[in-house]
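Provided herewith is a single structure, encoded as structure tokens, for subsequent inquiry.
Both backbone and side-chain heavy atoms feed into the values below; hydrogens, waters and symmetry mates do not. In listed order, ligands and their atoms are each counted from 1.
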Amino acid sequence: MLKLPIYLDNNATTPVDPRVLQAMLPYFTDIFGNAASRNHPFGWKAEEGVDYAREQVANLIGASEKEIIFTSGATESNNLAIKGVYEMYAEKGNHIITLTTEHKAVLDTCKHLEKLGAEVTYLEVQSDGLLNLADLEAAIKPNTILVSVMFANNEIGVIQPIKEIAAIAHKHGALFHTDATQAVGKVNTDVNEYGIDLLSLTAHKMYGPKGIGALYVRRKNPRVKVTAQIDGGGHERGMRSGTLNVPGIVGFGKACELARLEMGQDAARLSIMRDRLENSLLELEESYLNGNKDHRLPHCTNISFKYVEGEGLMMGVKDIAVSSGSACTSASLEPSYVLKSLGLDDDLAHSSLRFGLSRFTTDEEIDFAINQTKEAVMKLREMSPLWEMFKEGIDLKAIAWAEH
Ligand SMILES: *Cc1c(COP(=O)(O)O)cnc(C)c1O
């Protein structure tokens with residue numbers, strides 16, 4: 001029997017893998033020490049757990065354990081990377097380049113720095129969501145200290161040309177940061193292969209617990225430094241003070257190890273399921289895939305349904321937990337700024353659905369999601385005068401709507 005509602009919002013967060021939970025449990029009770037306590041076994045045991053997890057996290061991204069700074073999640077990691085570089089390299093310059101489609105944790109951090117004197121260039125992306133490398137090249141200036149471009153987008157899953165972006169940044173003496181929150185543990189994110197100087201990641205998007213993440217900071221070629229944003233006891237080599245979240249860190253480590261061992265087979269299985277879902281939904285007339293089809297994450301898809309009203313669509317798929325580009329599911333009144341950056345009009349942005357599959361998604365769940373979504377779209381269109389006009393071959397764009 002299917003358990004409803006079906007969870008297909010895994011770009012927002014994932015369930016904790018039971019094996020991760022098992023690894024964490026002893027660290028709430030028996031091994032509860034403060035990892036910074038140097039004088040007794042309680043502290044040593046906790047520290048051992050943290051050290052092991054640090055290796056597990058580092059291994060997943062091809063880093064060394066000294067390059068991992070534990071944080072409360074990717075929001076904090078992005079803040080530390082961007083503000084930390086801005087402060088540390090103030091003498092070198094004040095210009096930062098990023099994208100209009102970044103997560104708010106990057107965009108709002110950049111906006112904050114603008115108030116403090118930073119110059120920020122927000123590059124537009126192409127209609128498939130990818131950055132045009134010539135635009136980046138043209139935006140770089142002598143005072144550019146940082147290029148921050150996300151690895152994979154959280155709404156549409158497109159994967160940016162990271163290696164090429166890093167190379168352009170380095171050619172001009174700038175550092176390269178990537179918010180790899182959606183990509184780590186799903187696809188290869190090896191920091192040396194891609195030439196990444198700083199990388200943000202979080203546990204809860206890869207079957208680990210919430211409230212724990214990390215920032216990778218390169219130590220060799222070049223040695224990168226960031227100014228601490230949280231001062232205190234000098235934890236994490238002075239870059240992020242605060243008593244370590246030992247159970248969270250242990251779970252994060254386990255999640256990274258599982259990802260390293262299983263992401264290949266997960267990706268192979270999930271991309272087949274995702275393609276089946278996507279192809280079925282694209283069989284509907286006037287439905288459109290958002291974002292580049294070839295350069296993207298294996299487990300998610302984002303589709304807009306023309307002549308369908310966004311709020312009605314969300315109600316129609318009430319047994320499937322998904323996100324939409326519609327304003328009614330977000331705090332703001334605007335439809336998704338990411339979809340608008342691709343050039344979608346408000347209607348298409350409103351009537352989009354984002355499906356994110358997980359390690360735990362089943363074929364039966366995909367069958368159900370296909371059926372309920374198709375039914376919802378067809379039912380809404382039956383009631384839509386615009387759909388009727390479209391079917392009658394009336395060119396809607398050519399109609400001069402009466403002004404009210
Ligand atoms: C989820 C997400 C974040 C925020 O991560 P938290 O750990 O929840 O703070 C940042 N960037 C991207 C791309 C995300 O998907």
Practice problem: Grab the two heavy atoms, one from Ile212 and one from Asn245, that are nearest each other, plus how far apart they are. | Solution: CB-ND2, 4.1 Å
Exercise. Please could you name the atoms of ligand 1 that Gly73 approaches to less than 4.0 Å, counting only its heavy atoms?
Key: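 Selected atoms, number and element: 7 (O).
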Quiz item: Would you say Glu76 touches ligand 1, if touching means a heavy atom closer than 4.0 Å?
Solution: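 False for this residue.
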Quiz prompt | Salt bridge flag under 4.0 Å for residues Glu285 and Lys374 | solution = no
Quiz item: Does Arg359 count as lying over the ring of Tyr207, i.e. NZ or CZ under 6.0 Å from the six-ring centre, within 45 degrees of the axis?
Solution: yes
Quiz item: Counting both backbone and side chain atoms, is some N or O of Ser72 under 3.5 Å from an N or O of ligand 1?
Solution: no
Quiz item: For atom 8 (O) of ligand 1, which protein heavy atom lies nearest, and how many Å away is it?
Solution: His204 NE2, 2.8 Å
Quiz item: What protein heavy atom sits nearest atom 7 (O) of ligand 1, and how far away is it?
Solution: Thr202 OG1, 2.7 Å
Exercise. Look at atom 9 (O) of ligand 1 and say which protein heavy atom is nearest, naming residue and atom and giving the distance to 0.1 Å.
Key: Thr75 OG1, 2.6 Å
Quiz item: Is Lys186 positioned over the aromatic face of Phe151, cation under 6.0 angstrom from the ring centre and no more than 45 degrees off axis?
Solution: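 Judged by the rule, Lys186 and Phe151 form no cation-pi pair.
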Quiz prompt | Contact check: Asp179 vs ligand 1, nitrogen or oxygen atoms, below 3.5 angstrom | solution = yes
Quiz prompt | Side-chain ion pair, Arg276 and Asp367, N-O less than 4.0 Å | solution = yes
Quiz item: Below 4.0 angstrom, N of the basic side chain to O of the carboxylate: do Lys340 and Asp346 qualify?
Solution: yes
Quiz item: With a 4.0 Å cut-off, would you call Glu257 and Lys254 a salt bridge?
Solution: yes
Quiz item: So which heavy atom in the protein is nearest atom 5 (O) of ligand 1, and how far is it from that ligand atom?
Solution: Ala74 CB, 3.2 Å
Quiz prompt | Taking atom 14 (C) of ligand 1 as the reference point, the nearest protein heavy atom with its distance | solution = Lys205 NZ, 2.9 Å
Quiz item: Can an N or O of Asn154 be found at a distance shorter than 3.5 Å from an N or O of ligand 1?
Solution: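 Among all N and O atoms of Asn154, none is under 3.5 Å from an N or O of ligand 1.
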